[in-house]
Protein chains: 2
Amino acid sequence: MTIKEVSEKYNISQDTLRYYERIGMIPEISRTPGGIRNYQESDLGWVELAICMRSAGLPIEALIEYVKLYQQGDATFAARLQLLQEQRESLEEQKAQLEKAINKLNYKISRYEIAVKTGKLTWEDDDKCI
Amino acid sequence: MTIKEVSEKYNISQDTLRYYERIGMIPEISRTPGGIRNYQESDLGWVELAICMRSAGLPIEALIEYVKLYQQGDATFAARLQLLQEQRESLEEQKAQLEKAINKLNYKISRYEIAVKTGKLTWEDDDKCI
DNA sequence: GCTTGACTTGGAGTATACTCCAAGTAATAT
DNA sequence: ATATTACTTGGAGTATACTCCAAGTCAAGC
């Protein structure tokens, strides 16, 4: 699979794919005799992982570290486990922040829906009226 | 309330507080006769909102826009409602991405927990073994 | 054989969101 | 009164994550 095909399959730019490879966020992709990237199935797994984790906000550094550990073989199982657990923690925290913000937005939206109908914006007592 | 007190109350740097004010992400804070920021209760509401929304990843631009609309008065209720709804949508999407990534991490973690015990990393059939 | 289009590399540029700094003013403690 | 500390401003610098570009190589169709 060429970089173009991968780029279209996952809706990610070729530049970004090359960038991910260059910095070690995905392992080096095998090449044709002419030196052109030829993505294998297992490479696609890495690409999927990278996209999934990045879209959740996981830092690139963590993914680079994970790839490095992976390439060092079975001796790094424990280190990889720890890395994954740390990142899960961080995503769970992020999710909590997100939910707090969504709740706040929902409350505000409910007030503004009334305000648009009545022309008056009202708040509950402890609210700071913003 | 001085900027130092606000900074300590919300665990945010004074630089960031001034930055938020300068770019219009929170309204201008009233000053003492000497020109020093003197945060009122309502200002704290804005600070809280800014911190909450930023920590959820809401872009600064959206918050600046919201403050602008707010300052234009009651005529912007509908515009503010729309802005809030759009941002909620975007946070809901972000939450979905986050959950996908957390699920993936949980699956990997479960495999690695076994791997650390047994010395062998195993995957289900459709997995790309990463 | 040559043109077209896709590929390569390394490096520079951009966007977002802070974060730091210098130079100066103001308030507080002794 | 003076030293220390906190505050002010505007502008420059940093971190992260891309994103674009230039110059060159390679492969397929005509």
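Remember, predicted model here, so these are calculated numbers, not experimental data. These values consider heavy atoms only, across backbone and side chains, with no hydrogens, waters or symmetry-generated copies. First the proteins, then the strands, lettered A, B, ... as listed; each starts at 1.
Between the side chain of B:R54 and the main chain of B:L58, a donor-acceptor pair closer than 3.5 Å is present.
When each of A:I36 and B:L58 is assigned the nucleotide of DNA chain C bearing its nearest heavy atom, the one mapping closer to the 5' terminus is A:I36. Comparing B:G35 and B:I60, the nucleotide of DNA chain C nearest to each residue sits closer to the 5' end for B:I60.
A close approach under 4.0 Å does not occur between any side-chain nitrogen or oxygen of B:R37 and OP1 or OP2 of D:dC7. Between B:Y20 and the phosphate of C:dA17, there is no side-chain N or O to OP1/OP2 separation shorter than 4.0 Å. Applying the 4.0 Å criterion to OP1 and OP2 of C:dC18, one finds that B:R22 has every side-chain N and O outside that range. Distances shorter than 4.0 Å separate some side-chain N or O of B:T2 from OP1 or OP2 on D:dC7.
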Exercise for review: Just do the ring pair (Phe, Tyr, Trp, His ring centres under 6.0 Å) check on B:Y39 and B:W46 with the steps written out, would you?
Suggested key: CA-CA 10 Å; B:Y39 289 79; B:W46 283 104; over 10 Å; no
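Rounded to a whole Å, the CD1 atom of B:I3 is 17 Å from the P atom of C:dA26. The interatomic distance linking A:M25 (CE) with D:dT16 (P) rounds to 14 Å, in whole Å. Distance CE (A:M53) to P (D:dT16): 20 Å, rounded to an integer number of Å. At whole-Å resolution of the value, CD in B:E21 and P in D:dT9 are 7 Å apart. Per the geometry, CD belonging to B:Q14 stands 13 Å off C1' belonging to C:dT19, to the nearest Å. What separates CG of B:L17 from P of D:dC7 is a distance of 11 Å, to the nearest Å. One interatomic measurement links the two molecules: CG of B:N38 to C1' of C:dA27, which rounds to 14 Å at whole-angstrom precision. Atom pair B:R18:CZ and D:dT9:C1' shows a separation of 9 Å (rounding to whole Å applied).
At a threshold of 4.0 angstrom between heavy atoms, the contacts of B:S13 with the nucleic acid are absent.
The pair B:E93-B:K100 does not count as a salt bridge, with every side-chain nitrogen at least 4.0 angstrom from each carboxylate oxygen.
Counting only heavy atoms from C-beta outward, the side chains of A:R80 and B:L121 approach each other to under 4.5 Å.
Put simply, CG on A:L84 and CD on B:E113 are 10.0 Å apart, with the number rounded to the nearest 0.5 Å.
Contact of A:D15 with D:dC18 (side chain to base): no donor-acceptor pair of N or O atoms is detected under 3.5 Å.
Comparing atom distances between the B:R54 side chain and each of C:dC18, C:dA6, D:dT9 picks out C:dC18 as nearest.
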